[in-house]
Each structure stands twice: as structure tokens, then as C-alpha cells.
Participant: 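Structure incoming, see below.
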Amino acid sequence: MPKIFKFGGALLSKASNVSHMYRLVEKHKNQPLVIIVSAIGKTTNNLEKLYHISQTKNQEALRKSFFKIKKQHFNLVETLKVRNEDIIISKLEESFSHLYNKLSNNYDNYYEGYDQIISFGEKFSGIIIYHFLQNKQLPVKFIDACEIIHTDNKFTNATVKWKETESLIKQKVSTSLNNGQIILTQGFIASNGKGFITTLGREGSDFSAAIIAYSLNAREVCIWKDVPGLMNADPRIFPDAIKIPHISYNEAIELAFYGASVIHPKTIQPLKKKNIILKVCPFFQPDCTPTLINSSENDDTEIPKIILKERQTLLSISSKNLEFITEENFLRVFETINSHRVHINLMQNSAVSFSIIFNENIHKLNKILTDLNNDFILKYNQNLSLLTIRHYNDKIIKKYLNNKEVFLSQKNRTTIQILIK
Ligand code: ASP
Ligand code: MG
């Protein structure tokens, strides 16, 4: 039964870390292993900026932004100091020129174009990491994720065609694994099976790992992270965060749902279905015990978990004649929100208004405002934070609320959510 290793982009942005990754892989090379990599460093964000610049037709800014991304990748290759540097460089050159050409294409819509451009981050990292591992004499085989993960056409947040994908993965990955090869593929990207690239949602590489694990009936998925494991809060924001030794799939689904950025929300479900263990492993202390996620719910309420989602937008929608919000109006609002791929983090309604909270995105906000402006009164606040505490108590609420201005709050038996400034 194979193991799946997923390495996030933040880990792969430095040559020393890439070498460290090689050593981890090398330790496990005698068992069936699939490695999934995402785009290095902040490449996906940078590609997103590049795509937006390409729509302004500002050639000078476009070139500048393009070369910045190119330089980061070539710098990494240079510092890797490998014998096959020429091959990596020529493959990267080719891929970068594809990207440049695609920037001037006309796409059917914003989202289709977005995926065609944004997916290059994983293409670049795939090229670099594959050739790096090959140079180290590992029996590594590269398989393009677009050939094994097929989705519908919902660009930027595509839905997996499970049957088709499962059989593609079985066909293309199993045989090579049985032949003793280590498989390397990219996270996050897929294809609609008709020549167009789709993506699985931002930070979706964990989900790619789960799709592959599910299809191969893997034993476990290890997500390598630059933290000691799954933490009860983001240690960059809350220095007193502690490691969670073990939680259940269900608790992990809840945490991901509320925005714990450690695991992509869609990741757990396929693993749970087949009882595949998920481990969150400390990249820099590979011998320390990882966080274990499986079906046992015994430890779920032990440690309160704090999730802070920053840069939240609150949009309040009310009808112009101050009528009660009606089902018809709800339908209109949800259709608009869905058409702009906005994920609602929290919602609340009163007699005359309906409020939604979502991740700040000016582009999407403007589109929603334009669409709803004629029929509704719209008010919004930006730069808010959504604090979620699971297994809360009064002391913890007080500690984290810390006299902040509260815009809205919602509470159930296990979870409290507070929108603060
Ligand atoms: N590179 C993609 C992103 O940054 C996917 C991932 O990192 O998981 O969203
Ligand atoms: Mg990433």
C-alpha cells in the first residue's frame, strides 16, 4: 500500500530545503511512494497578480512581473547546483515562454483564463523537483497531474470526476509504483479532459494528495509542514499555540471548514471514506511524532482550537422597500455569489437584511455589487477578522476577544464565531 507525501510550496523555495526534502524521500524510497509538490514560495499569488496585469494591457508592468517570477525560479535552480542544470533551464525556458504566450490569449471568461495562467506555478515546480530528484539517482517518474485528475469545467474550483480520475490514477500510477518507481506529480492542477487546465481551489494541493491516496487505496498521506504538526492556532499570530497530537477526521473537517489553513477543506472526506491515515509531519524535525488524523474521536474536545481568518469582508444586503427578505431574494443573492465563486464564511439574517462574510477580494466584491446594485441596498465593511473558537470556554473567549469591536457573533454547543475589527 503506497504512501503519499505532499510538500507545500513554502518548503520548496530554498535550495537547502529541497535537498532536505530529497533526504526525506530517499529514506522512504524502498516503499511505494507518490510525491506531490505545489508551486514554490509565493508563486501562485504572483501569477495571480501577473494575470490581473495582463488584463490591463500594460506591457511594461507585465514584463516586470513576469521576469520577477522567472528570476525566482532560475535563482532556485542555480542554487541547487545540479549536474543536469542545462536540462532544467531549457525545460523551464520552454514553460515560461508558454506562459508568456498564454498571457495574451483571449479566454471565454475570467475564471478560465485564471486557471490557464495560475497553473504554471505547479508546472514550474514539477519540472525543477523532478529533475532535481532524478539528478540524485532516485528512480523517479514524473506524471502530469492533468493526465490523471479530471474535473468538470468549474474553473478555479473544479469538481473532480471521481470515477474517471480513479481509473486514470490506477492505470497510470499503479503500474509504475509496482515497478519500483517513485511517482512525482503536481498538486492543485487538473484538467477538464478536453485540453483545458482546471484548478481545485487555492491551497488545493492537499486535496490532490487525498484524491491520489483514495484512488490508490493508500496507507497514509503525509503533509510535510514547516510547523511541528497541526497546531491549535496559527503560531505566527498566536505565539502560545500548541501542537495537537491527535484528532478525528470529523474534527479536522470542522477545523478546515472554519478556515484552519493547515489542511484544505476538501482533503479529509476522501481519506475518511477509505480510512486512510493523515499525518501532519514536521519537515524540519522529521523524527518527531506527527499529528495523527484518523477515525477515533476520543481526543477531539481536549484542546480548544482557535482560527482567525483575517481580511474578511462583511456585505449586508437589504431590499429597497424594506420588505422582509424573501426566498426569491435569497435565490438571487446566492446565484450571484455562486456565479462569482465566492465562498461564504458566515451568514446571518435579520428581518430586513441578510449579511454574508467572505474572504476579501475586491474584484469579486465589485462584481457582486454591480450585479445586485439595482435591486438591493448594499453596505459593506472591509478588513475585519473572523475569530472561531472550537470547544470554547469563557476564559478563552475573553482572552482572544481582547476588547475588540464586535460586528456579529454566532454560537452553538461546540463553536463560537465572532466577527471583529
Ligand atoms: N499553489 C497553490 C496555491 O498556492 C496550491 C497549494 O499551494 O496548495 O494555492
Ligand atoms: Mg501554495
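Just so you know, ligand 1 is whichever comes first in the structure, and atom 1 is the first atom listed for that ligand.
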Participant: With heavy atoms of Glu122 as the reference, note each atom of ligand 1 found under 4.0 Å away.
Facilitator: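 Taking each heavy atom of Glu122 in turn, ligand 1 has 1 (N), 2 (C), 5 (C) under 4.0 Å.
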
Participant: Which salt bridge (Lys or Arg N to Asp or Glu O under 4.0 Å) pairs, counting each pair once, include a residue from residues 40-57, with sequence neighbours left out?
Facilitator: Glu48-Arg202

Participant: Output the list of atoms in ligand 1 that are nearer than 4.0 Å to some heavy atom of Ser38, sorted by atom number.
Facilitator: 6 (C), 7 (O)

Participant: Side chain or backbone, does Glu203 bring an N or O within less than 3.5 Å of an N or O on ligand 1?
Facilitator: yes

Participant: Which of the atoms of ligand 1 are close to Phe188, meaning less than 4.0 Å from one of its heavy atoms?
Facilitator: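 Here the atoms of ligand 1 in question are 2 (C), 5 (C).
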
Participant: Where does Ser205 meet ligand 1, judged by heavy-atom distances below 4.0 Å: at the side chain, the backbone, both, or neither?
Facilitator: both

Participant: Test of understanding: given a 4.0 Å heavy-atom threshold, classify the contact between His264 and ligand 1 as side chain, backbone, both, or neither.
Facilitator: neither

Participant: Do Lys141 and Ser176 have a side chain donor and acceptor closer than 3.5 Å?
Facilitator: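 Short answer, yes.
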
Participant: Within a distance under 4.0 Å of any heavy atom of Gly204, pick out the atoms of ligand 1 and give their elements.
Facilitator: 5 (C), 6 (C), 8 (O)

Participant: Please enumerate all residues that pass side chain to side chain donor-acceptor pair (under 3.5 Å) together with Thr388, with sequence neighbours excluded.
Facilitator: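 Thr388 satisfies side chain to side chain donor-acceptor pair (under 3.5 Å) with Gln417 only.
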
Participant: Does NZ or CZ of Lys102 fall inside the cone over Tyr100's six-membered ring, less than 6.0 Å from its centre and within 45° of the axis?
Facilitator: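 Judged by the rule (NZ or CZ under 6.0 Å from the ring centre, within 45° of its axis), Lys102 is not positioned above Tyr100.
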
Participant: Show me which atoms of ligand 1 lie under 4.0 Å from any heavy atom of Arg202.
Facilitator: 3 (C), 4 (O), 9 (O)

Participant: Is there a salt bridge (Lys or Arg N to Asp or Glu O under 4.0 Å) between Lys154 and Asp152 once you walk through the steps?
Facilitator: CA-CA 6 Å; Lys154 198 174 180 204; Asp152 66 0; over 6 Å; no

Participant: Asn232 side chain to Ile303 main-chain N or O, any donor-acceptor pair under 3.5 Å?
Facilitator: no

Participant: Would you check whether Gly187 reaches within less than 4.0 Å of ligand 1, judged by its heavy atoms?
Facilitator: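 Judged by the 4.0 Å heavy-atom criterion, Gly187 does not count as contacting ligand 1.
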
Participant: Within a distance under 4.0 Å of any heavy atom of Thr44, pick out the atoms of ligand 1 and give their elements.
Facilitator: 1 (N), 2 (C), 3 (C), 4 (O)

Participant: Are Glu297 and Asn250 side-chain neighbours, meaning at least one heavy-atom pair lies under 4.5 Å?
Facilitator: yes

